[in-house]
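We count ligands from 1, going down the list as the structure has it; atoms in each ligand are counted the same way.
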Amino acid sequence: MQIWDVNMKRKVHAIAATLALLFIATFWTSTVAAEFLLSQPAVIQVKLGIAYALLVFIPVMVITGASGFALGGKSTQALIVAKRRRMPYIAGIGLIILVPCALFLADRAQNGLLDNSFYGIQVVELIAGAINLVLMSLNFRDGLRSRHCRQQ
Ligand code: HEM
């Protein structure tokens with residue numbers, strides 16, 4: 001029996017994709033909640049928490065993408081083609097904008113520098129995060145839809 005068979009890949013993909021979506025949704029909502037509802041120490045804690053969570057989040061994203069391509073890298077099914085096209089944007093926005101923003105904000109917050117440049121970058125991070133949240137939700141929806149197609 002092959003250990004790394006297609007069902008295994010599906011399971012790994014489903015778990016990693018769910019975790020990835022939960023992570024990015026939590027990053028976004030906890031940032032907004034801290035900024036608008038909580039105090040400055042809460043903002044500092046949330047920024048630090050997100051920076052550490054990247055250590056888990058980045059591998060989870062890599063596993064989501066790699067298992068997705070292993071499952072549907074050559075598929076011509078429209079839903080999968082759409083998912084494959086979104087993935088470079090998700091990865092690019094994540095690595096070029098979100099990770100540097102999260103590290104910058106955590107560093108600034110740790111040093112008590114909640115100044116104009118902090119809030120400028122915070123706005124950029126929230127907008128880029130919202131775009132990635134939408135793209136990842138669309139991939140999640142299309143993943144569930146394509147599974148549904150397969151079962152028919
Ligand atoms: C952020 C990125 C992604 C998310 C959130 C995501 C989410 C999901 C979800 C929730 C499922 C259903 C899993 C299940 O319960 O069986 C799924 C299945 C699938 N995804 Fe993804 N996915 C992502 C990226 C990708 C990429 C880049 C590809 C590659 C083209 C891909 C290809 C597939 C395929 C082929 C399936 C299996 C459909 C089936 O069971 O027949 N996914 N995805």
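In this structure, the side chains of Arg84 and Ser75 come closer than 4.5 Å at one or more pairs of heavy atoms. Two residues are said to be in side-chain contact when any heavy atoms from C-beta on lie closer than 4.5 Å; Glu125 and Phe27 fail this criterion.
Taking atom 15 (O) of ligand 1 as the reference point, the nearest protein heavy-atom neighbour is Arg147 NH1, 3.0 Å. At the top of the distance list for atom 39 (C) of ligand 1, counting protein heavy atoms only, stands Arg150 NE, 3.0 Å.
Listed here is the closest heavy atom pair of Met87 and Gly65: CE-CA, 4.0 Å. The minimum heavy-atom distance linking Ala20 with Val60 is given by the pair N-CG1, 3.7 Å.
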Should Tyr89 and Asn132 be marked as a side-chain contact (heavy atoms from CB on, under 4.5 Å) after you check the CA-CA gap, both sets of side-chain angles, and the distance that decides it? CA-CA 8 Å; Tyr89 292 99; Asn132 253 17; 5.8 Å; no
Going through the distances and angles, do Phe104 and Phe118 end up as a ring pair (Phe, Tyr, Trp, His ring centres under 6.0 Å)? CA-CA 8 Å; Phe104 173 87; Phe118 177 91; 7.7 Å; no
side-chain contact (heavy atoms from CB on, under 4.5 Å) between Met61 and Met136, worked out: CA-CA 10 Å; Met61 273 312 294; Met136 286 168 65; 3.8 Å; yes
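Which parts of ligand 1 touch Met87 is read off a 4.0 Å heavy-atom cut-off, strictly below it: atoms 2 (C), 27 (C). Using a 4.0 Å cut-off to heavy atoms of Ala14, the atoms of ligand 1 that qualify are 13 (C), 14 (C), 15 (O). Remark: ligand 1 atoms within the under-4.0 Å shell around heavy atoms of Arg10 are 39 (C), 40 (O), 41 (O). Each of the following atoms of ligand 1 lies closer than 4.0 Å to a heavy atom of Met136: 1 (C), 5 (C).
Below the 2.8 Å limit, atom 21 (Fe) of ligand 1 has as protein N, O or S neighbours His13 NE2, Lys83 NZ.
The shortest N or O to N or O distance between Arg84 and ligand 1 is not under 3.5 Å.
Summarising the geometry, atom OG1 belonging to Thr64 is positioned 10.5 Å from atom CD1 belonging to Ile15; distances are rounded to the nearest 0.5 Å.
Residues Lys47 and Gln122 have side chains that bring a donor and an acceptor to within less than 3.5 angstrom of each other.
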